[in-house]
Amino acid sequence: RKVLNNADAIIAVSKAVFFECLKIVDDPKKVHLIHNAIDINKFTPSSSIDLKVRLGIANQKIIFSPKAHEPVYGLQYLIQAIPIVLKRMSDVVFIIANDGSLRPHLEQMVIDLGIKEKTRFVGKIPRNVIPSYYTMSDVVVVPSLQESFGLVVSEAMACGKPVIGTRVGGIPDQIIDNYTGFLVKPKNPFEIAEKIFLLISNAEKAKKMGANARRIVEQKFYSEKRINRIKTLYESMC
């Protein structure tokens with residue numbers, strides 16, 4: 001509280017952070033909502049056929065999640081959704097990137113649920129390679145329990161992909177429900193599975209949502225806009 005109240009200005013990266021700051025600071029005029037943003041020239045729709053071939057999944061539908069393997073990111077609920085999806089369709093592979101303290105537990109979950117053949121743990125992906133994973137995917141899932149913003153949502157959307165994300169933190173700032181993807185309740189594998197099935201079984205809807213997602217990022221979450229707004233804020237304080 002003391003640090004925030006001593007600041008001349010506070011940048012909140014999402015509405016959730018903005019309203020939390022308002023509860024703490026004495027002067028609400030200090031708080032400025034400036035969303036996080038990405039390089040839309042780096043994260044852009046393109047073909048990733050070579051990567052799919054290299055991974056041996058060229059003829060499969062791909063569900064991708066890039067979050068760290070920590071409790072706060074809810075990957076266990078995505079994994080619980082996998083067998084529910086596989087009961088209804090078989091030509092699907094789940095790619096889980098990154099690493100973290102829960103990785104051994106998550107890998108054991110996959111074995112216990114009998115879904116190892118349909119789940120790939122690919123570890124940490126270099127930043128210059130991750131756009132290819134987004135573009136290779138049919139759906140991106142962000143099952144977090146907490147996020148200040150959740151930049152991976154904008155990254156996936158910029159690559160023209162529909163995103164299934166939880167209604168937490170800054171994720172609802174990015175996903176427009178049933179337009180650029182779907183918002184689901186946290187800790188709800190059944191709802192995650194339902195939305196995955198809906199998108200995979202309706203390619204035209206998924207494609208349209210992905211196009212909408214790219215357009216929203218171009219309008220709201222591109223890096224130049226963030227830089228200009230921060231620059232304007234700094235200049236107003238000088």
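Computed from a prediction, not measured in an experiment: that's the story for all the values here.
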query: Between Ile84 and Phe190, which heavy-atom pair has the shortest distance, and what is it?
result: CD1-CD2, 3.5 Å
- prompt: More than 12 heavy atoms of other residues, nucleotides or ligands under 6.0 Å from CZ of Arg167: is that the case?
  reply: yes
- prompt: Between the main-chain N or O of Leu198 and the side-chain N or O of Asn202, is there a donor-acceptor pair closer than 3.5 Å?
  reply: no
Close side-chain approach of Ile176 to Asn212, heavy-atom, < 4.5 Å: no
message: Quick one, Lys208 and Lys205 - any side-chain contact, counting heavy atoms below 4.5 Å?
response: no
- prompt: Does the salt bridge (Lys or Arg N to Asp or Glu O under 4.0 Å) test come out yes or no for Asp173 and Lys220, once each step is laid out?
  reply: CA-CA 10 Å; Asp173 288 26; Lys220 298 178 63 177; over 6 Å; no
query: Just by modelled atom types, is the Lys185 backbone N or O under 3.5 Å from a matching donor or acceptor in the Glu191 side chain?
result: yes
task: Using atom types as modelled and distance alone, determine if a side-chain donor or acceptor of Thr119 lies under 3.5 Å from a backbone N or O of Phe94.
output: no
query: Should we count CG of Asn59 as having more than 12 external heavy atoms under 6.0 Å?
result: no
- prompt: Arg229 versus Thr232: any side-chain heavy-atom pair under 4.5 Å?
  reply: no
query: With a 4.5 Å limit on heavy-atom distance, are the side chains of Ile164 and Leu199 in contact?
result: yes
- request: Keeping the roles fixed (side chain from Glu70, backbone from Ser101), state whether a donor-acceptor pair exists under 3.5 Å.
  value: yes
statement: For Pro143 and Leu78 the tightest heavy-atom approach is CG-CB, 4.2 Å
query: Around Glu117, counting heavy atoms of other residues, nucleotides and ligands shown, do more than 12 lie under 6.0 Å from its CD?
result: no
field: Minimum heavy-atom distance between Gly56 and Arg120, given as atom pair plus value
entry: O-NH2, 4.2 Å
- request: Report the distance from atom CD1 of Ile82 to atom NZ of Lys118, rounding to the nearest 0.5 Å.
  value: 11.0 Å
query: Side chain of Thr44, backbone of Asn41: donor and acceptor closer than 3.5 Å?
result: no
task: Calculate, to the nearest 0.5 Å, the distance between atoms CG and CG belonging to Leu86 and Asp91 respectively.
output: 10.0 Å
- request: Consider only side-chain N and O atoms of Asn178 and Lys195, and report whether a donor and an acceptor are under 3.5 Å apart.
  value: no
query: In terms of hydrophobic clustering (I, L, V, M, F, W, Y; side-chain heavy atoms under 4.5 Å; direct or indirect links), are Phe149 and Phe19 co-clustered?
result: no
message: Quick one, Ile95 with Ile57, criterion side-chain contact (heavy atoms from CB on, under 4.5 Å). Give me CA distance, side-chain angles, the key distance, then yes/no.
response: CA-CA 10 Å; Ile95 305 292; Ile57 50 177; 4.1 Å; yes
- prompt: To the nearest 0.5 Å, what is the distance between NZ (Lys42) and SG (Cys159)?
  reply: 10.0 Å
query: Does some side-chain heavy atom of Tyr77 sit less than 4.5 Å from a side-chain heavy atom of Pro186?
result: no
- line: In this structure, CD of Gln80 is separated from CG of Leu113 (nearest 0.5 Å) by 7.5 Å
task: I would like to know whether Ile96 and Ile79 meet side-chain contact (heavy atoms from CB on, under 4.5 Å); could you show each step before the answer?
output: CA-CA 9 Å; Ile96 299 176; Ile79 290 174; 3.9 Å; yes
message: I'd like to know if Ile200 and Val163 are part of one continuous hydrophobic network [Ile/Leu/Val/Met/Phe/Trp/Tyr, side-chain heavy atoms within less than 4.5 Å].
response: no
- prompt: How about Pro66 and Val140: do any of their side-chain heavy atoms sit closer than 4.5 Å?
  reply: yes
task: Please name the pair of heavy atoms, one in Ala12 and one in Val31, separated by the smallest distance, quoted to 0.1 Å.
output: CB-CG1, 4.3 Å
field: Lys30, NZ: over 12 other non-hydrogen atoms inside 6.0 angstrom
entry: yes
- prompt: For the residue pair Pro45 and Ala158, what are the closest heavy atoms and their distance?
  reply: CD-O, 3.2 Å
- prompt: Taking everything shown except Lys225 itself, do over 12 heavy atoms lie less than 6.0 Å from its NZ?
  reply: yes
message: Please check: side-chain N/O of Arg226 versus main-chain N/O of His35, any donor-acceptor pairing under 3.5 Å?
response: yes
- prompt: With sequence neighbours left out, what residues match Asp39 under salt bridge (Lys or Arg N to Asp or Glu O under 4.0 Å)?
  reply: none
message: Could you check whether any side-chain heavy atom of Phe182 comes within less than 4.5 Å of a side-chain heavy atom of Glu194, counting everything from C-beta outward?
response: no
Considering all heavy atoms, the nearest Ser46-Thr135 contact: O-CB, 3.3 Å
Presence of salt bridge, Arg215 and Glu218, under 4.0 angstrom: no
query: Counting N and O atoms only, with roles assigned by atom type, does the side chain of Thr166 sit under 3.5 Å from a partner on the main chain of Ser144, one being a donor and the other an acceptor?
result: yes
query: Is any side-chain heavy atom of Met209 less than 4.5 Å from a side-chain heavy atom of Thr180?
result: no
Transitive ILVMFWY side-chain link Val17 to Val153, under 4.5 Å: yes
field: Stepwise side-chain contact (heavy atoms from CB on, under 4.5 Å) check, Phe221 with Ile40
entry: CA-CA 9 Å; Phe221 304 116; Ile40 60 174; over 6 Å; no
query: Thinking salt bridges, do Glu107 and Arg103 make one under a 4.0 Å N-O criterion?
result: yes
query: Do you reckon Ile34 sits in the same ILVMFWY cluster as Ile38, going by side-chain contacts under 4.5 Å, direct or chained?
result: no
- prompt: Are Ile24 and Phe18 linked, directly or through other ILVMFWY residues, by side chains that come within less than 4.5 angstrom of each other?
  reply: yes
From CG (Leu151) to CD (Gln174), nearest 0.5 Å: 7.0 Å
message: Determine whether Gln146 and Val168 satisfy the following criterion, side-chain contact (heavy atoms from CB on, under 4.5 Å), listing intermediate values before the conclusion.
response: CA-CA 6 Å; Gln146 178 181 322; Val168 300; 5.7 Å; no
query: Between the side chain of Asp26 and the main-chain N/O of Asn5, is any donor-acceptor distance below 3.5 Å?
result: no
- prompt: Do the ring planes of Phe64 and Tyr134 sit parallel (below 30°), tilted (30 to 60°) or perpendicular (above 60°)?
  reply: perpendicular
Nearest-0.5 Å distance, OH of residue Tyr133 to OG of residue Ser65: 13.5 Å
field: Contacts of type side chain to side chain donor-acceptor pair (under 3.5 Å), residue Lys67, not counting sequence neighbours
entry: Glu147
